[in-house]
Enquirer: 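The following block contains the structure, expressed as structure tokens.
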Number of protein chains: 2
Amino acid sequence: MTTKPDDLLPNAQTSPERRQRRKGSGITLRDVAKLAGVAPITASRALNTPDAVSPAVLERVREAVARTGYVPNMLAGGLASRKSRLVAAVVPTISGPVFLEMVQALTEALAEEGYQLMLGQGGYADSREDALLEAIIGRRPDGVVLTGIMRSEEGRRRLLASGIPIVETWDLTPTPLDMLVGFSHEKIGAAVAGFLHQRGRRRASTISGSDERAVRRNQAFSDAAVALGMALPGDKAVPTVMVPAPTTLGGGRAGLAQLLEEHPGIDAVFCSSDLLALGVIIEAQARGIRIPEDLAVIGLGDMEFSRDLHPALTTVRIDGTAIGRRAAKFIIDRVEERPIGERVCDIGFSIIERAST
Amino acid sequence: MTTKPDDLLPNAQTSPERRQRRKGSGITLRDVAKLAGVAPITASRALNTPDAVSPAVLERVREAVARTGYVPNMLAGGLASRKSRLVAAVVPTISGPVFLEMVQALTEALAEEGYQLMLGQGGYADSREDALLEAIIGRRPDGVVLTGIMRSEEGRRRLLASGIPIVETWDLTPTPLDMLVGFSHEKIGAAVAGFLHQRGRRRASTISGSDERAVRRNQAFSDAAVALGMALPGDKAVPTVMVPAPTTLGGGRAGLAQLLEEHPGIDAVFCSSDLLALGVIIEAQARGIRIPEDLAVIGLGDMEFSRDLHPALTTVRIDGTAIGRRAAKFIIDRVEERPIGERVCDIGFSIIERAST
DNA sequence: GTGAAAGCGCTAACAT
DNA sequence: ATGTTAGCGCTTTCAC
């Protein structure tokens, strides 16, 4: 079924004195067309716009494709049509399970429409970021999904200049490059402070990763908490421990230990990831601190495991799936030249209350 | 810096009566060459094989690139050279954090050599698998990394027929398609049984995901355990609970609950992932069962968090990073036509003993 | 509805 | 060391 009879070798009729290039052994559209008795362009139409050819031709081309095992060369197609059906995603690191849900949704939503995802890791030095950018632009993707990365102004400018549709995610910047689907870290910080206050907590604290968004989230949390009287009188901020990114369970344990040593009076911890929160729970258990009686714990991310912890973890849920889907839709709409509507999409967040608070 | 002066518009000299195609606004190699005062092929050489051109030319081309902001079109380059510098990876699902480490290493190792990773999810119905295959082969990647997926015989045949280098991973099949880097699930099962026996356990049990490799691992575990007298006299197998893949913390809790109900005498559980093991630990704590005194727990995967659990988790470590790196090297060596040597690489595994056993 | 011609932007092959 | 020519495999444009 996948063998290639002599009679459809490409350029079989070419004059033999012509200098020969290493001919690919692959089956091309020409071969399929020849077998179906039509011109290559007709075979192309049969595959891409079946409605534009007669049923008889369609049938013959389909059969020829099946017989030869032909798979269109998307490099050639992309070059000619200027549509690569490729979308690049840049994440700081795949290991942060936070982005996993989004990447998964993105992959799926794109695949459904015949697009593929190219993955790039961006959490690197500027030199590597430059290389990443070249790799991305060089493939002429139909879109790029950025995850709060692409720090250098220069990099952002080059991307923008390339004319590729861009979707920024996981944040709500005042000046998006192009399209944006995210949420407000400031609002989360303030909302969590309000939530803890309402549950009767009066000595808030935080453990957080050191990335820029976490810092802004924490700042908002601290400000709101101070305003609500959840800091020691006179203090301008709430006790905070920063752990190096990416956040880990171990970081959570160490963070709580440090927090307790310096501020034994705390009755609530806002962790910037569920993994940190799990570490806090484990450290608390190891120390005989009761949750939620002695200490309320709230995480961020609503990991799959959080609901099954003991006690079940209260957390801020961000719908990564929705972000991924929306980003995919933004890009595909743009490629297909459908109207986009609002270029900025606030996906919001919700606080899932469970036993840990 | 990125604007395009009139004097280097492509084909500016072409006769005006020629039918015009929608000209791209992008800068091409021709533009760079013209600006540097050389032929396109020379500019191409300056970029790809700098040693093959004179220093003077190299300098001028480099400057022209900088001035124009030129980024080579890899679609065109790939089409002409039959090298896409793209590698496709197929994973059952990215969410299983088990493969994350490998994907991460793969992405990095490939990026270092100027290759990019295209991600595909394979845990689907056969119809979607077919589409995935088309998408992969259609991009003419320089290699494909398979993660125990590509179930259909037909799919494997098509991939093989495409002539693309293939690396299978996470297993040691007797008949690899092409290249292979993995480890023996049977050996793991047997080794874990031996390990638990040596630690004095006599009533082994397992909780595992339902995928085929877990089943084989469990079978080997059970066989070895029975041989060592770790099953009830007369029993041909050890108590087992299967949870649907992907494995979750919740699955571990439910699994232990079920196990205890049906077989209250067990003193050891082999979990097919660290997440399951964490669930077991939590469920045990909730029930007042002491680990490791009453029950030994061993996981698989050595997640980043496992060492920080309380008690710290004994687990089977598989070096995902090594797998990813080795797979990348296999493919790149093949592309660069370097000798490969042995096509099969057993990466092995190790049992990391911690407090939970 | 179908086809011929002309590229898309690049590099392999053959000169010089 | 550099240039000329001819594609890579597909789709766009224009013509019938």
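Bear in mind that the values here come from a model prediction, so they are computed numbers and not experimental data. These values consider heavy atoms only, across backbone and side chains, with no hydrogens, waters or symmetry-generated copies. In the text below, chain A, chain B and the rest are named by the order of the sequence lines, each starting its count at 1.
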Enquirer: Can you run down the salt bridge (Lys or Arg N to Asp or Glu O under 4.0 Å) pairs that involve residues 321-335 of chain A, sequence neighbours left out, and say none if there aren't any?
Expert: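 Every pair satisfying salt bridge (Lys or Arg N to Asp or Glu O under 4.0 Å) with a residue in residues 321-335 of chain A: Asp178(A)-Arg334(A), Lys329(A)-Asp333(A), Asp333(A)-Arg338(A).
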Enquirer: Take atom CZ of Arg140(B) and atom P of dC10(C), then tell me their distance rounded to the nearest Å.
Expert: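 Interatomic distance, CZ of Arg140(B) to P of dC10(C): 21 Å.
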Enquirer: How would you list, by chain and number, every residue that makes a ring-ring contact (aromatic ring centres under 6.0 Å, His included) with Phe330(A), sequence neighbours excluded?
Expert: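 Testing Phe330(A) for ring-ring contact (aromatic ring centres under 6.0 Å, His included), a comparison that skips the adjacent residues, returns none.
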Enquirer: Specify the separation, in whole Å, of atom CG of Leu79(A) and atom C1' of dC8(D).
Expert: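 It is 9 Å, rounded to the nearest whole Å.
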Enquirer: With sequence neighbours excluded, what pairs up with Glu63(B) under the side chain to side chain contact (heavy atoms under 4.5 Å, CB included) test?
Expert: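 So Glu63(B) forms a side chain to side chain contact (heavy atoms under 4.5 Å, CB included) with Glu59(B), Arg67(B).
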Enquirer: Return the residues of residues 37-47 of chain B meeting this criterion: a heavy atom under 4.0 Å from some atom of DNA chain D. Order them by number, or give none.
Expert: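 The answer is Val38(B), Ala39(B), Ile41(B), Thr42(B), Arg45(B).
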Enquirer: Atom CD of Glu337(B) and atom C1' of dA12(C): how far apart are they, to the nearest Å?
Expert: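 It is 14 Å, rounded to the nearest whole Å.
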Enquirer: Return the value, rounded to whole Å, for the distance between atom CD1 of Ile27(B) and atom C1' of dC10(C).
Expert: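 For the pair Ile27(B) CD1 and dC10(C) C1', the rounded distance is 16 Å.
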Enquirer: Contact list please: residues 48-59 of chain B against DNA chain C, heavy atoms, distance less than 4.0 Å, in numerical order.
Expert: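 Listed by number, they are Asn48(B).
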Enquirer: Tell me every residue that passes salt bridge (charged side-chain N to carboxylate O under 4.0 Å, His left out) with Glu134(A), counting only those two or more places apart in sequence or in another chain.
Expert: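 Once residues adjacent in sequence are excluded, the partners of Glu134(A) under the salt bridge (charged side-chain N to carboxylate O under 4.0 Å, His left out) criterion are Arg158(A).
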Enquirer: What is the distance, to the nearest angstrom, from the CZ atom on Arg30(B) to the C1' atom on dG3(D)?
Expert: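 Computing the Arg30(B):CZ to dG3(D):C1' distance gives 15 Å.
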Enquirer: Report the distance from atom NZ of Lys34(B) to atom C1' of dG9(C), rounded to the nearest whole Å.
Expert: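 The distance from NZ of Lys34(B) to C1' of dG9(C) comes to 14 Å, rounded to the nearest Å.
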Enquirer: Using residues 38-49 of chain A as the side-chain source, report each donor-acceptor pair under 3.5 Å to any protein atom, sequence neighbours left out, with the distance given to one decimal.
Expert:
from     : atom 1 : to       : atom 2 : distance (Å)
Ser44(A) : OG     : Asn48(A) : ND2    : 3.3
Asn48(A) : ND2    : Ser44(A) : O      : 3.2
Thr49(A) : OG1    : Arg45(A) : O      : 3.4

Enquirer: Tell me, please, which residues at least two apart from Glu112(B) pass salt bridge (charged side-chain N to carboxylate O under 4.0 Å, His left out).
Expert: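 Once residues adjacent in sequence are excluded, Glu112(B) has no partner under the salt bridge (charged side-chain N to carboxylate O under 4.0 Å, His left out) criterion.
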Enquirer: What is the distance, to the nearest angstrom, from the OH atom on Tyr70(A) to the P atom on dG9(D)?
Expert: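 My rounded result for the distance is 10 Å.
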Enquirer: Backbone N or O of Leu177(B) within a donor-acceptor pair of the Glu168(B) side chain at under 3.5 Å?
Expert: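 Answer holds: yes.
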Enquirer: Has the side chain of Asp142(A) got a donor or acceptor atom that lies under 3.5 Å from a matching backbone atom of Arg85(A)?
Expert: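 Checking the backbone N and O of Arg85(A) against the side chain of Asp142(A), a donor-acceptor pair under 3.5 Å is found.
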Enquirer: Within this structure, what is the NZ-to-P distance between Lys83(A) and dT11(D), rounded to whole angstrom?
Expert: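 Going from Lys83(A) (NZ) to dT11(D) (P), I get 12 Å.
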Enquirer: Listed by chain and number, what are the ring-ring contact (aromatic ring centres under 6.0 Å, His included) partners of Tyr115(A), not counting sequence neighbours?
Expert: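 Tyr115(A) satisfies ring-ring contact (aromatic ring centres under 6.0 Å, His included) with no residue once adjacent residues are dropped.
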Enquirer: OP1 or OP2 of dG9(C) less than 4.0 angstrom from a side-chain nitrogen or oxygen of Arg82(A), does that happen here?
Expert: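 Indeed, a polar side-chain atom of Arg82(A) lies that close.
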